[in-house]
K.L.:
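I am attaching a structure below and will ask some questions about it afterwards.
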There are 2 protein chains.
Amino acid sequence: MPTSTVENYLKQILIVSLETNCPEVPMGKVAQGLSVTSGTATTMFKNLAENGWLHYYPRRGVRLTRKGKALAMNMLRRHRLLETFLVETLGLDWSEIHQEAEELEHAISEKVLEKLDEFLGRPRQDPHGHPIPSRGGVIRRSSTQSLLSCKAGSKVTIESITDQESDFLKFARKKQLFPGQVVSVLSHEKLADAITLQVGGAAPFSLGSRSSEKILVQA
Amino acid sequence: MPTSTVENYLKQILIVSLETNCPEVPMGKVAQGLSVTSGTATTMFKNLAENGWLHYYPRRGVRLTRKGKALAMNMLRRHRLLETFLVETLGLDWSEIHQEAEELEHAISEKVLEKLDEFLGRPRQDPHGHPIPSRGGVIRRSSTQSLLSCKAGSKVTIESITDQESDFLKFARKKQLFPGQVVSVLSHEKLADAITLQVGGAAPFSLGSRSSEKILVQA
DNA sequence: CAATATACTTTGATTACTCAAAGTTCTCAT
DNA sequence: ATGAGAACTTTGAGTAATCAAAGTATATTG
């Protein structure tokens, strides 16, 4: 039985590999994502490799085994179903659910998870717009296009917000940036590192590249 | 911030002290309840005392401080609200919820707990018939009368089942022994250590003293 | 190609638990 | 009041996870 620390490492590795579209993940990204020192992550990687969760290529990175990926996918499923429950059923705010789910995902059993999935009506995506893996670990491929890659004059639909920071999410909601919303790109100044948007009839506003990268869209 | 181990020790101490109606709890009962060796519990007690959760009287036992009791009550509240949720909302079976709640109670935040309480309609008791402490840590006094103390010919109402063992709970349900049920005591043979009951129109059956002690009733 | 910077690994120590087994104190029945 | 047994404490050792700091390999850049 994996400890919750093991679960966290594997989930983080999966998240990075989904983000970068590359199955091999460097040590540093994982350590940073989990807020541990690089030495700690190295030690843990050797441990995880010994237990068959991943392959460890020193100074190069890690790659999840089938077993490791299955567990990581399951963690993502737990996390996203719990987030959905917290928003849909209990009425918590979009911006405060990440940390809550982060704790609960290690405590919920497979049986309860199944009942919860059923209770929620087997949702396909969480409140951030992220796809929820199926019980078998299959996940819908996310859009590769972010607001940053949109041309001036285009009109796109928000698919998801790939950031868990409460402050950013609060800001996004205030500006009506959430899954399903239609956004007009008024201008895109590559050199100024800024993109100007309009959502619905509200006043136009600008986002820098850091922020617009976090918003995935569909044409 | 207390670890979940600390939470478990304090909750166990509270449970024993409620059961025995005595605020001072001997080491052994706690160690046994938590399935740890007596040495482990002793070490932990010193630690808990140092951190102000309880008073430790060597070779005599422990007594929760105000702070310790507050946390323990809160754990009981979490546990019982979660059990209620698992049965009422998700439809899990009465007999399988204890272990599930045991894990979740350490992971749920105060905020989510509040929302859950509201969602459930602020229930006063859990599926086993145990009172749910209020947010302030107030708890309804449980009945001191068990089936064991009932005379032949009496007719009583079940208040609660004070056992978490899945097998016993399954048996109890099969025999229609659950909170709210009315039971007739047909005979009570002190020497034979047996009590014979009838619930509704079903066939009478007998319980030993171990079992009948676990069923609290109101006249 | 050497110097440096970056990314990673190793080492030694710490914290929060846990157990087994040896040692101590207390109680109570003779 | 004493000696046996129960209940408790102490001791020594182990596991899982962590960090800081020192060490090593690799890439980049002048």
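What you are looking at is a predicted structure, and each value in this text was computed from that prediction instead of being measured. Residue numbering restarts at 1 for every chain, and letters A, B, ... go by the order of the sequence lines.
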K.L.:
Distance from A:Ser149 atom OG to A:Leu147 atom CG, nearest 0.5 Å?
P.N.:
8.0 Å
K.L.:
So does A:Arg173 pair up with A:Asp93, basic N to acidic O under 4.0 Å?
P.N.:
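Salt bridge: yes.
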K.L.:
Below the 4.0 Å mark, does C:dC17 have OP1 or OP2 next to a side-chain nitrogen or oxygen of B:Thr3?
P.N.:
yes
K.L.:
At under 4.0 Å between heavy atoms, what does B:Thr5 touch on the DNA or RNA strands: base, sugar-phosphate, or nothing?
P.N.:
sugar-phosphate
K.L.:
B:Glu50 has an atom CD; how far is it from atom P of C:dT15, in whole Å?
P.N.:
13 Å
K.L.:
Tell me yes or no: between the side chains of B:Ser109 and A:Glu100, is some donor less than 3.5 Å from an acceptor?
P.N.:
yes
K.L.:
Please pick, from D:dA17, D:dT26, C:dT24, the nucleotide with the shortest atom-to-atom distance to any side-chain atom of B:Arg59.
P.N.:
C:dT24
K.L.:
Between B:His106 (NE2) and C:dA16 (C1'), how many Å, whole number?
P.N.:
15 Å
K.L.:
Using a cut-off of strictly less than 4.0 Å, decide whether B:Lys46 has a side-chain nitrogen or oxygen near OP1 or OP2 of D:dT10.
P.N.:
yes
K.L.:
Taking atom P of D:dA6 as reference, at what distance in whole Å does atom CE of B:Met27 sit?
P.N.:
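One finds 15 Å between P of D:dA6 and CE of B:Met27, rounded.
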K.L.:
Using whole Å, report how far CZ of A:Arg60 lies from P of C:dT9.
P.N.:
11 Å
K.L.:
State whether A:Thr37 places a side-chain N or O below 4.0 Å from either non-bridging phosphate oxygen (OP1 or OP2) of D:dA20.
P.N.:
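Checking D:dA20 against A:Thr37, no side-chain N or O comes under 4.0 Å of OP1 or OP2.
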K.L.:
Hey, what do you get for CD (A:Glu19) to OG1 (A:Thr162), rounding to the nearest 0.5 Å?
P.N.:
6.5 Å
K.L.:
Any idea which of C:dC17, C:dT9, D:dT18 is nearest the B:Met44 side chain?
P.N.:
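Among C:dC17, C:dT9, D:dT18, the one nearest the side chain of B:Met44 is C:dC17.
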K.L.:
Atom CG of A:Asn8 to atom C1' of D:dA17: distance rounded to whole Å?
P.N.:
12 Å
K.L.:
Might you point out which heavy atoms bring B:Pro123 and B:Ile132 nearest each other, and give the distance in Å?
P.N.:
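Here B:Pro123 and B:Ile132 meet closest at O-CD1, 3.8 Å.
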K.L.:
Between A:Asp126 and A:His79, is there a side-chain donor-acceptor contact under 3.5 Å, judged purely by atom types and distance?
P.N.:
no
K.L.:
Both A:Ser35 and B:Ser38 contact DNA chain D. Taking the nearest nucleotide for each, which residue is further toward the 5' end?
P.N.:
B:Ser38
K.L.:
Within this structure, what is the CD-to-P distance between A:Gln12 and D:dA17, rounded to whole angstrom?
P.N.:
16 Å
K.L.:
Base, sugar-phosphate, or nothing for B:Lys29, non-hydrogen atoms under 4.0 angstrom?
P.N.:
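Since no nucleic acid heavy atom lies under 4.0 Å of B:Lys29, the category is nothing.
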K.L.:
Nearest to the side chain of A:Pro26, heavy atoms from C-beta on, is which of C:dC8, D:dT9, D:dC19?
P.N.:
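Looking only at heavy atoms from C-beta outward on A:Pro26, the closest nucleotide is C:dC8.
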K.L.:
Look at the side chain of A:Tyr56 and decide which nucleotide, out of C:dC8, D:dA17, D:dT18, has an atom nearest to it.
P.N.:
C:dC8
K.L.:
What's B:Gly39 touching, base or sugar-phosphate or nothing? Going by heavy atoms closer than 4.0 Å.
P.N.:
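Here B:Gly39 touches the bases of the nucleic acid.
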K.L.:
Check the distance between C:dT18's C1' and B:Phe45's CZ and give it to me in whole angstrom.
P.N.:
15 Å
K.L.:
Mind checking if A:Tyr9 touches a base, just sugar-phosphate, or nothing, with heavy atoms under 4.0 Å?
P.N.:
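Since only primed, P, OP1 and OP2 atoms lie under 4.0 Å of A:Tyr9, the category is sugar-phosphate.
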K.L.:
Base, sugar-phosphate, or nothing: which does B:Ser4 touch, judged by heavy atoms less than 4.0 Å apart?
P.N.:
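If one applies the 4.0 Å heavy-atom cut-off, B:Ser4 turns out to touch nothing in the nucleic acid.
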K.L.:
Please state how far atom CG in A:Asn47 lies from atom C1' in D:dT15, giving the value in whole angstrom units.
P.N.:
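The answer, rounded to whole Å, is 11 Å.
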K.L.:
Taking only side-chain N and O atoms of B:Thr42, does any of them lie within less than 4.0 angstrom of OP1 or OP2 on D:dT9?
P.N.:
yes
